[in-house]
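Following: one structure in structure tokens, then a few remarks.
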There are 4 protein chains.
Amino acid sequence: MIDKSKKQISEKHQRILDAAIEMFAEKGYASTSTSEIAKKAEVAEGTIFRHYKTKKDLLLSIVSPTIATFIAPHFTKAFSKEVLQGDYASYEEFLRTFAYNRYEFLKQNLPIIKIFVQEVAFHEEFQKPYVKLFKKEILPYFKKMILHFQEKGELKQLPPETIMRFTVTTIAGTILTKQFIAKELDFEKELDEAILFLMGGLKQ
Amino acid sequence: MIDKSKKQISEKHQRILDAAIEMFAEKGYASTSTSEIAKKAEVAEGTIFRHYKTKKDLLLSIVSPTIATFIAPHFTKAFSKEVLQGDYASYEEFLRTFAYNRYEFLKQNLPIIKIFVQEVAFHEEFQKPYVKLFKKEILPYFKKMILHFQEKGELKQLPPETIMRFTVTTIAGTILTKQFIAKELDFEKELDEAILFLMGGLKQ
Amino acid sequence: MIDKSKKQISEKHQRILDAAIEMFAEKGYASTSTSEIAKKAEVAEGTIFRHYKTKKDLLLSIVSPTIATFIAPHFTKAFSKEVLQGDYASYEEFLRTFAYNRYEFLKQNLPIIKIFVQEVAFHEEFQKPYVKLFKKEILPYFKKMILHFQEKGELKQLPPETIMRFTVTTIAGTILTKQFIAKELDFEKELDEAILFLMGGLKQ
Amino acid sequence: MIDKSKKQISEKHQRILDAAIEMFAEKGYASTSTSEIAKKAEVAEGTIFRHYKTKKDLLLSIVSPTIATFIAPHFTKAFSKEVLQGDYASYEEFLRTFAYNRYEFLKQNLPIIKIFVQEVAFHEEFQKPYVKLFKKEILPYFKKMILHFQEKGELKQLPPETIMRFTVTTIAGTILTKQFIAKELDFEKELDEAILFLMGGLKQ
DNA sequence: AATGAATGAGTATTCATTCAT
DNA sequence: AATGAATGAATACTCATTCAT
């Protein structure tokens, strides 16, 4: 999923990264030993330390400022362009695109996202770059979109941040429910209802 | 916070539990050593193993079926009685009570909840007893309440589960935003808006 | 040889110390592994780290200020009392006692002395406590002795430090020659000649 | 300092040797890693092993028979010619030349001498070639010199080995004191006194 | 000759667990 | 019930050495 294809990265190096991501996601950082990673990546244990000075460095290379600056923006900007800067006939149409996009993103990046939740979420020092990224790449476009539909009279005259909060909360709740709590649900139907509900609360 | 006061539990035993909860929440289960717990609890290392066969047992005693059966129901039933089985003039009134109750619960049980998210959330085998508990103690009362207000014409004719989902999602989103993302918000004001939004989407 | 018999020290602890001294002396600190020490001491490797936080701590416990303050003074004072504060009819008699005492000391403490030469001699930061000890416990008595024999007219009117230097140099040279370079020598005869030589150079 | 200029030796090879000598002297053989040497020499790690099969070989090339046979004799013979085979008006004059020569030698070859003391001194198997060299290149000339001055009546009728021993011991003691123990001393003055002392003990 | 990525045996250290007291 | 010394397996990491280029 994540590949630093720009920087030439050796095949073994890539195998180490893949193995680490998979195991950190599955068992957590602290419960994964470097020898397990080496075994799964089919390299010698020493090879890991040729590429990363410490085990923590390996985690950071997956999860840290480096990714925030090099990898995440890739996703972030793509998301921003494809979703937030799109041309939508209605807020509902935007919501649908937004929800599907994030749902796919979640499904396709589950391992890294799990690592994030486990290792980053509770360590405030890691959060800053992401907050920054969000404020720069997401927030302004999201706001603009909301203002646009407020002007068109589709949305209530609430502060855009509040509308955004309810939007994100409701969509995230729908996606997470489908993914983790009630997998048997029909996502499309569920989403339709959620959008209906959302618009009910946000309509003028 | 958690005290198994029914079962007589020695003071040292309680200190071990408290220390373990605090450290597991702070550093995670795998990164906390039994010697650290012993030091913080001011007992000898061996003492921990008098009470719990293994370190994992100690975690389970905090987080697992044992708690699901002995501790959580205490909370669950209290919550069910105090909140779900209350007598409310309107769904809005219920929402307000519900939100404050859960907000206080979160603030007062932050450590255990953190342990839950880190150690339980991703391990499906731990989840069953909680699902069971939820289905038995929460779901029926919640449903009843929703049906009651649907009959009174306050709420749309959606499946009660769906209404519950939106309710929980919106309230949870508001609480988590206040607690972790935007601590500077005025919770009361934020909650008012959320309830307005919710009712907008759920009203007939 | 060295036993901290005052502080109760467990038998295993003592075995670790003995093994460490022997192996550090034989192979040097850096070339001795903790697993070798554990094997020779017939304890588990972990046991070493119960008594010493790190391998370096183990070295320091043999060689450091602690020993300088607790062990060395034992020797130093014994030496000072037995040798330097003795009542001698002549400087020659003193020289003989001094030489034999140091010769025995060397033979009986060879391992620790080897560790000293290898690990301490070139690390100035370790030297201070010994310099201090020497200045406090040895220097004044040695000086007094020399002054005493200068007054009696047995020794030249050189600065006592200079006389001390030649004395130590000559006796040390004799002892080291016997111990390391020409083991076949007859120490007694060799010492007689050295004393004759010394007195020849120091006599008025 | 040491250059095997006779054998053509590449510049990188020389840099490896220099780096190894410096680091072995500073940190000891066992505590110096080949990667450190490579970094300091600014060559690739593999390059060291092109020139020396093992790390130990590298040490030996600095310290062993190879040097004893190729390098040391260079020094030894120079010393022998320049100092021992000189033409001196008195033993005192010889002593002065001898002392200055060795003092300079020590100062200029401190690193290698440190390696010697740390790695060779306690390993008897390394000592033989040096003993041999000493017996062949130094001893006879030293003896001759002493016999010469005994004939002239300047020195006592002691065995020349004994006189040599006292001479070396006293001069070495003076040099080492100046270099390692009391750097603030005035070497010239100190040496004068030592010679006076020596002659006092060795004069007829 | 020179490189540097790769190796895997070895290192110091940690840690859950046991057990005699 | 409580202790804490002792254990030994496991851990992250290092390092001399190899080898394809």
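Chain identifiers are assigned alphabetically (A, B, ...) following the order of the sequence lines, protein sequences preceding nucleic acid strands; residue numbering begins at 1 within each chain.
- Of the two residues contacting DNA chain E, namely Lys53(B) and Ala44(A), the nearest-nucleotide position lying further toward the 5' end is that of Ala44(A).
- With dC13(F), dA2(F), dT13(E) as the candidates, the nucleotide lying closest to the side chain of Glu45(C) is dT13(E).
- The 5' end of DNA chain F is approached more closely, in terms of each residue's nearest nucleotide, by Val43(C) than by the other of Val43(C) and Lys55(D).
- Toward the 5' end of DNA chain F, the nearer of the two residues Ser33(D) and Thr47(C), judged by each one's closest nucleotide, is Thr47(C).
- Between Tyr52(C) and His13(C), the ring planes are perpendicular. Angles over 60° get that label, and only those under 30° would be called parallel.
- Whole-Å rounding puts the Ile48(A) CD1 to dC13(F) C1' distance at 11 Å.
- A cation-pi contact, defined as under 6.0 Å to the ring centre and within 45° of the axis, links Lys55(B) to Tyr29(B).
- If you check the side chains of Glu45(C) and Thr34(C), you find a donor sitting under 3.5 Å from an acceptor.
- Nearest-nucleotide positions on DNA chain E place Lys12(A) closer to the 5' end than the other of Ser35(B) and Lys12(A).
- Each of dA20(F), dA1(F), dT17(F) was ranked by its minimum atom distance to the side chain of Phe49(D); first place goes to dT17(F).
- Using a 4.0 Å heavy-atom distance criterion, Thr32(C) is classed as a sugar-phosphate-only contact.
- Look at CD1 on Ile16(B): it is 12 Å from C1' on dT3(F), rounded to the nearest Å.
- Taking a cutoff of 4.0 Å between a charged side-chain nitrogen and a carboxylate oxygen, Lys40(C) and Glu36(C) do not qualify as a salt bridge.
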